[in-house]
**Student:** 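Please see the structure below; I have some questions.
Protein chains get the first letters and strands the later ones, always in sequence-line order, with residue 1 at the start of each. Remember, it's a predicted structure, so these values are computed and weren't measured experimentally.
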Protein chains: 2
Amino acid sequence: MHNFQALFDYVQKLSGEMLSADDKQVFIAHFKPKKIRKRQYFLQEGDVCKYTGFIVKGAAKTFTVDEKGHEHILKLSVENWWLADFESFYKLTPSRFNIEALEDMEILQITHGLVEEFIKPIPAFSAMQNVLSQNNTIAAQKRMQSSISQTGEERFQELVNDYPHFIQRFPQNLIASYLGLTPETLSRIRKNSSK
Amino acid sequence: MHNFQALFDYVQKLSGEMLSADDKQVFIAHFKPKKIRKRQYFLQEGDVCKYTGFIVKGAAKTFTVDEKGHEHILKLSVENWWLADFESFYKLTPSRFNIEALEDMEILQITHGLVEEFIKPIPAFSAMQNVLSQNNTIAAQKRMQSSISQTGEERFQELVNDYPHFIQRFPQNLIASYLGLTPETLSRIRKNSSK
DNA sequence: AAATACGCTTGATAAAGATCAATCTATTTT
DNA sequence: AAAATAGATTGATCTTTATCAAGCGTATTT
């Protein structure tokens, strides 16, 4: 079960606590390894997001489709992130989002119920959740701040600084959508800012 | 100490658990009531946000000032919300934000250290934090989604639906800034959408 | 009561970004 | 290998939003 190692490392790193052999067995007993092929959907709009998945390998996009058929990417997720629409996952309500694999993926998935019953009681996990929740709050605040107060060009520069690997890994049209821009606009921004 | 009642109600409501008389004494022992007058700063850019405050009464804005001297409002906070720049509060790093009272306020404030040591061990409080963190994640996601995929007009309509009391309570120029618009643009949006 | 500050509106103009269409290249797919 | 697809770029034009300036009414302040 070598693909659990990434999850163990992640929990231990974020929590600053060690997992016992027993703890690890609880993880192995309840998280299910799953493969998702490129272009396959992990979640479809209107469905309830029953699972969250820890991404061992691969990448995905979380997006909506508007009335004109245009995609808007809310989130790009890669290794060591959790894949889910958390609104739907926590409340078990139909999701407004789609989640689709951008590359072949390996995830470890689990339901909300099993997390609450078996995983959360593990102290390292619940410590990890606290840290993660703080990090998310901070990141969300920063992105929102950029969004209301900066131009497309400034937001792009910030993304280059904060997540340089995103620029390498994902095509420019996805980056544009993530920034709330059209691909044409991002293309022109890059052209101008390189001068 | 009747101004603690709002805090007790809030914790009990969000957590779904009751606070014992002892729990309440712990709150009273560590949260300090504080008054902040209109226009007074709770936090100034560059300072560390040492306290978080539960808002018993009043309202505040969290904002940045850009190179051109323009304010950008990231957050409007009212009764039963927590006042802080959480990035600075959690990490004890200098804040990029200002927090200023929009009305005379009464808050109950506390440091991060005291929360961790005395308040978090209260089960109802830590349950409340979990719920709050979920709610915040959901709200942040929703606002971000609006920001990247909707026009100013649509974002304004969503705000009217989701937080109608904000529209009543705050002047239009603050609402505009919160939406990432200039006051002129919001004025024109309202004019056109009433037709 | 006068003065000041604040918030809202309107007009003219400029800038940022979207849309539509075409082209080009590099992958994939068949 | 040929065909299809995906992604990037460019040009022309349109829409949305910002900027600058002025004017107006209403609270506050003095």
**Student:** How close or far is atom C1' of D:dT10 from atom CG of A:L186, stated in whole angstroms?
**Tutor:**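 Value for this atom pair: 15 Å.
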
**Student:** Report the distance from atom NE2 of B:H72 to atom C1' of D:dA18, rounded to the nearest whole Å.
**Tutor:**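 It is 11 Å, rounded to the nearest whole Å.
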
**Student:** Between the axis at one end of the helix from C:dA1-D:dT30 to C:dT30-D:dA1 and the axis at the other (five pairs apiece), what's the angle to 10 degrees?
**Tutor:**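 The angle, to the nearest 10 degrees, is 50°.
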
**Student:** Write down the atom of B:L19, the atom of B:Q12, and the distance for their closest heavy-atom approach.
**Tutor:**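 Minimum heavy-atom separation between B:L19 and B:Q12: N-OE1, 2.8 Å.
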
**Student:** B:R188 has an atom CZ; how far is it from atom P of D:dT16, in whole Å?
**Tutor:**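 The answer, rounded to whole Å, is 14 Å.
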
**Student:** What residues from residues 146-154 of chain A pass a heavy-atom cutoff of under 4.0 Å to DNA chain C?
**Tutor:**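 A:T151, A:G152 - these, ordered by number, are the residues of the stretch whose heavy atoms sit under 4.0 Å from the strand.
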
**Student:** In terms of the angle between their ring planes, are A:F31 and A:W82 parallel, tilted or perpendicular, with boundaries placed at 30° and 60°?
**Tutor:**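 A:F31 vs A:W82 ring planes: tilted.
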
**Student:** Between A:R96 and B:Q145, does a side-chain hydrogen bond (donor to acceptor under 3.5 Å, both in side chains) hold up when you go through it step by step?
**Tutor:** CA-CA 10 Å; A:R96 294 173 292 126; B:Q145 156 64 11; over 6 Å; no

**Student:** Assess whether one donor atom and one acceptor atom, taken from the side chain of B:R155 and the base of D:dT17, lie less than 3.5 Å apart.
**Tutor:**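 Side chain to base: no pair present.
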
**Student:** Could you state the NE2-P distance from B:H70 to C:dA15, rounded to the nearest angstrom?
**Tutor:**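 Spelled out: NE2 on B:H70 to P on C:dA15 is 15 Å.
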
**Student:** At under 4.0 Å, does any side-chain N or O of B:K191 touch on OP1 or OP2 of C:dT9?
**Tutor:**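 Checking B:K191 against C:dT9: no side-chain N or O falls below 4.0 Å of OP1 or OP2.
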
**Student:** Determine which pairs satisfy ring pair (Phe, Tyr, Trp, His ring centres under 6.0 Å) with at least one residue from residues 168-192 of chain B, sequence neighbours left out, and list them in order.
**Tutor:**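 The answer is B:F166-B:F170.
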
**Student:** From CZ of B:F156 over to P of C:dC8, roughly how many Å is that when rounded to an integer?
**Tutor:**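 That distance rounds to 11 Å.
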
**Student:** Check whether any side-chain N or O of B:E106 sits under 3.5 Å from a backbone N or O of B:P33 as a donor-acceptor pair, and report yes or no.
**Tutor:**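 Such a contact is absent between B:E106 side chain and B:P33 backbone.
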
**Student:** Is it true that the side chains of A:S133 and A:N136 contain a donor and an acceptor less than 3.5 Å apart?
**Tutor:**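 No, no side-chain donor-acceptor contact under 3.5 Å.
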
**Student:** With respect to the side chain of A:S187, which nucleotide from D:dT9, C:dT19, D:dT19 is positioned closest?
**Tutor:**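 Looking only at side-chain atoms, A:S187 lies closest to D:dT9.
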
**Student:** Can A:E158 and A:S146 be counted as having a side-chain donor-acceptor contact under 3.5 angstrom?
**Tutor:**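 Note: A:E158 and A:S146 side chains meet the donor-acceptor criterion.
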
**Student:** Linking I/L/V/M/F/W/Y whenever their side-chain heavy atoms sit closer than 4.5 Å, directly or via other members, would A:Y41 and A:L74 fall into one cluster?
**Tutor:**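 Hydrophobic grouping puts A:Y41 apart from A:L74.
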
**Student:** Reading nucleotides 21-30 of chain C from the 5' end, what letters show protein touch, with B for base, S for backbone sugar-phosphate only, - for no heavy atom under 4.0 Å?
**Tutor:** B-------S-

**Student:** Can a side chain N or O of B:T185 be found less than 4.0 Å away from OP1 or OP2 on D:dT17?
**Tutor:**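 It does not, given that no N or O in the side chain of B:T185 lies less than 4.0 Å from OP1 or OP2 of D:dT17.
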
**Student:** Has A:K24 got its NZ or CZ under 6.0 Å from the middle of the six-membered ring of A:F4, at an angle within 45 degrees of the ring axis?
**Tutor:**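 No, A:K24 does not lie over the aromatic ring of A:F4.
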
**Student:** Rounded to whole Å, please give me the gap between CG in A:L181 and C1' in D:dT9.
**Tutor:**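 A:L181 atom CG is separated from D:dT9 atom C1' by 16 Å.
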
**Student:** Starting from the C-alpha separation in whole Å, work towards a yes-or-no answer on side-chain contact (heavy atoms from CB on, under 4.5 Å) for A:F97 and A:K75.
**Tutor:** CA-CA 10 Å; A:F97 298 100; A:K75 227 169 12 182; over 6 Å; no

**Student:** In whole angstrom, give the distance that lies between atom OH of A:Y178 and atom P of D:dG7.
**Tutor:**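 It works out to 19 Å between those atoms.
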
**Student:** Which residues, if any, of residues 160-174 of chain B bring a heavy atom under 4.0 Å of DNA chain C?
**Tutor:**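 Here the set is B:P171, B:Q172, B:N173.
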
**Student:** By the definition side chain to side chain contact (heavy atoms under 4.5 Å, CB included), identify the one residue from A:N161, A:I167, A:T185 that meets it with A:F156.
**Tutor:**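 Result for side chain to side chain contact (heavy atoms under 4.5 Å, CB included) with A:F156: A:I167.
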
**Student:** Expressed as a whole number of angstroms, how long is the span from A:E71:CD to D:dG7:P?
**Tutor:**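 From A:E71 CD to D:dG7 P: 10 Å.
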
**Student:** Using side chain to side chain donor-acceptor pair (under 3.5 Å) as the criterion, list what pairs up with B:S95, not counting sequence neighbours.
**Tutor:**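 Residues passing side chain to side chain donor-acceptor pair (under 3.5 Å) with B:S95: B:D85.
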
**Student:** Apply the test side-chain contact (heavy atoms from CB on, under 4.5 Å) to residues B:Q134 and B:T137: give CA-CA distance (whole Å), side-chain angles for both, the deciding distance (0.1 Å), then the verdict.
**Tutor:** CA-CA 5 Å; B:Q134 286 187 10; B:T137 301; 5.7 Å; no

**Student:** Mind checking whether A:Y10 and A:F54 have ring centres under 6.0 Å apart?
**Tutor:**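 Under 6.0 Å, so yes.
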
**Student:** Could a donor-acceptor pair under 3.5 angstrom be found where the side chain of B:R190 meets the base of C:dT10?
**Tutor:**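 Answer no: no donor N or O sits under 3.5 Å from an acceptor.
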
**Student:** Between B:K68 and D:dT19, is there a side-chain N or O to OP1/OP2 distance below 4.0 Å?
**Tutor:**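 True: B:K68 side-chain N/O within range (under 4.0 Å) of D:dT19 OP1/OP2.
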
